[in-house]
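Residue numbers begin at 1 in each chain, while the letters A, B, ... track the order of the sequences.
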Number of protein chains: 2
Amino acid sequence: MPRKPKQDRSRATVDAIVEAGFIALSQRGPADTTTRHIAEIAGVGVGSLYEYFENKQAIFSAMSQRFISDTASMIQPLTPTLVQMPIDEAIRTLLNEFRSFLERDDGRYLKCVRHAMAVDFELHLDPLYKVLNNVIMRYLMEHPETLRVSRIPAITYIGINGGIFAVIRHLSDPDPMVSFDEMADGLASMIGHYIERELSLVEDASG
Amino acid sequence: MPRKPKQDRSRATVDAIVEAGFIALSQRGPADTTTRHIAEIAGVGVGSLYEYFENKQAIFSAMSQRFISDTASMIQPLTPTLVQMPIDEAIRTLLNEFRSFLERDDGRYLKCVRHAMAVDFELHLDPLYKVLNNVIMRYLMEHPETLRVSRIPAITYIGINGGIFAVIRHLSDPDPMVSFDEMADGLASMIGHYIERELSLVEDASG
DNA sequence: ATAATTTTCCGAATTGAATCCGAACAAGCG
DNA sequence: CGCTTGTTCGGATTCAATTCGGAAAATTAT
C-alpha cells in the first residue's frame, strides 16, 4: 500500500512521476505507456512508482486530478472579468481560454485529454464544477435581472457539461463539421438567446 | 492477423464473443474483464478470440460499433414522428427514448457506457451522427421557416454532441444536481428558445 | 560525531493476463 | 472418399504490472 511522501525529495519524486506520466502519454499514447517508460522519463526506478501509487491506474488518476486542478486555477482569476461581460461574450472568452490552456506546452494536455477517456473517464471534475458554479453564481448576483429566468440549475448543468465536452470532443474530432469559433459562437448564442427569450417572456407575463 | 468469418458457424462465434463482451463488462467492470472471462461466457476457447479480433481492444471496439449501430437503428424509425412535433417536444422525446434504450436488458448498455470510456471506446459515433443529421435535415424541410435561423450547423453540432454526452454523463452521475426530466426539459427549452429568438430577430430585421 | 531510526529508492524476481501457435476437428467440393 | 479450406482449441510463450527485501540517504536521538 502506497505511502504519503514525508520529505522534499520524495515529493519531488511524486511530482516527477506525474509529470512523466503526461509526457509519456502525450508522446506514446495510452496503449504504449508502460510503467517502465514512466519510470525512465521520471528518472526513477520502476519500484519507486509503487511507493506512492497503488498501481498504474492511480498515476493516471493523479494526472487527471492535477489537470482538473490546473484548469480550475486557470479559470479562477478570470472570474471578475467574466462577470462584467455580456453573457455570450463571457462564454466565448471562457471557451477560448480553455482551448489555449489545452494547447499549452506543445499541446500536452490536449493530447492527454484526447486519450483521457481511454484511460480514466472518471475525470475528477468536482473542483472544476465548483469554480464554474462560482462564476455563474457571481454572474447572477451581478446581473439580478437574470435571476428571473427559469430552469437556471438545469441550464447551468447543461452549460457546464455541454461546454466541457463540446470543447474536448471538438478538439479530438479529426474532421469537425464546424470550426472552433463557430462552435463557441453557437454555444454562446444558444445560452444568450435562451436568456433573452426567457426575459422577454417574463416581461410579457408581467406587463 | 484476424480473419473475416466465412461460414455461419464462425459468424455465430463472433456474435457470441461480442455479446459476451457486453455481459462480462456489465457484470465485472472493465478492470476484471479478462479474455478468459469473455471466452468462457461466449462458450469458446480463448484462442478463438484472436481468430477474428486483433486483440482485446478490438473486441471492445466491435462492442462500441454494435452499440452505436443499435442506437441508430432505434432512432431511425422515430424520424417521421419526430419531424411532426414541436422542436422542444421532439428533443424531449428523443432524449427519453435514448434513456429507455440505455436501460434495456437490465441496463446492460448503460453499465457498459459507464465504463465505456474507461476501456477506450473511441465511440464510433458516425452512424449516429448520420441518423441524427438526417432527422434534423428532414425537420428543416418540414418546417421551412426554421431555415432562416442562423448558425444551424453549429447548433446541430452542439445539440448532437451535447445531447449524447449530457445523457451519458447524467446517467453516470451518482449525484446529479438536476433530475433527468429537468435536464431534458432544459436542453429542449434551450434549443427551442434559441430558434424562437432567432425567428423574432429575423422578423424584426425584415419588418 | 555516531548510532539508531525513519524515509526513500531500487531493480531483479514473480505473477498473471494477453497473445501465439500448431495440432485437431468440421465443412465444402471434386 | 481424399483434398482443401475454414474453424476451434488450450497449453506454451511473452511481456508488462506489481512485489519484495535490502541498500542508500535523510532525520533524529544520544
Compute whether any side-chain donor of one residue and acceptor of the other, for A:Tyr139 and A:Asn134, lie under 3.5 angstrom apart.
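Side-chain D/A pair, A:Tyr139 to A:Asn134: absent.
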Polar contact flag, side-chain donor to acceptor under 3.5 angstrom, B:Asn161-B:Tyr129
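A pair is found: one side chain offers a donor N or O, the other an acceptor, under 3.5 Å apart.
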Which atom pairs, donor and acceptor, lie under 3.5 Å between side-chain atoms of residues 45-54 of chain B and protein residues at least two apart or in another chain?
{"residue": "B:Glu51", "atom": "OE1", "partner": "B:Arg3", "partner atom": "NH1", "Å": "2.5"}
{"residue": "B:Tyr52", "atom": "OH", "partner": "B:Arg3", "partner atom": "NH2", "Å": "3.4"}

Main-chain N/O of B:Val83 paired to B:His143 side chain as donor or acceptor, under 3.5 Å:
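A pair under 3.5 Å: yes.
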Length of the NZ-P vector between B:Lys56 and D:dC15, whole Å
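Interatomic distance, NZ of B:Lys56 to P of D:dC15: 18 Å.
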Taking atom P of D:dT19 as reference, at what distance in whole Å does atom CG of A:Asn55 sit?
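Spelled out: CG on A:Asn55 to P on D:dT19 is 8 Å.
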I'd like the 5' and 3' limits of the part of DNA chain C contacted by chain B, with heavy-atom contacts below 4.0 Å.
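Nucleotide range in contact with chain B: C:dA18 to C:dA27.
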Suppose the criterion is side-chain hydrogen bond (donor to acceptor under 3.5 Å, both in side chains): which pairs have a residue in residues 97-108 of chain B, not counting sequence neighbours?
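Output for this query lists B:Glu19-B:Arg108.
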Just N and O in the side chain of A:Thr35: are any of them under 4.0 Å from OP1 or OP2 of D:dA16?
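Looking at the OP1 and OP2 atoms of D:dA16, neither is under 4.0 Å from any side-chain N or O of A:Thr35.
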Respond yes when some side-chain nitrogen or oxygen of A:Tyr50 is under 4.0 Å from OP1 or OP2 of D:dT19, and no when none is.
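For A:Tyr50, the contact criterion (side-chain N or O under 4.0 Å from OP1 or OP2 of D:dT19) is not met.
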Residues in side-chain hydrogen bond (donor to acceptor under 3.5 Å, both in side chains) with B:His37, at least two apart?
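B:Arg28.
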Mind checking whether A:Tyr194 and B:Tyr194 have ring centres under 6.0 Å apart?
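They do not qualify: ring centres at least 6.0 Å apart.
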Determine, for nucleotides 7-14 of chain D in 5'-to-3' order, which nucleotides have protein heavy atoms under 4.0 Å from the base (write B), from only the sugar-phosphate (write S), or from neither (write -).
SBBB-B--
Taking ring-ring contact (aromatic ring centres under 6.0 Å, His included) as the cut-off, I'd like each qualifying pair that reaches into residues 171-192 of chain A, sequence neighbours left out, listed once.
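Residue pairs passing ring-ring contact (aromatic ring centres under 6.0 Å, His included), neighbours aside: A:His170-A:Phe180.
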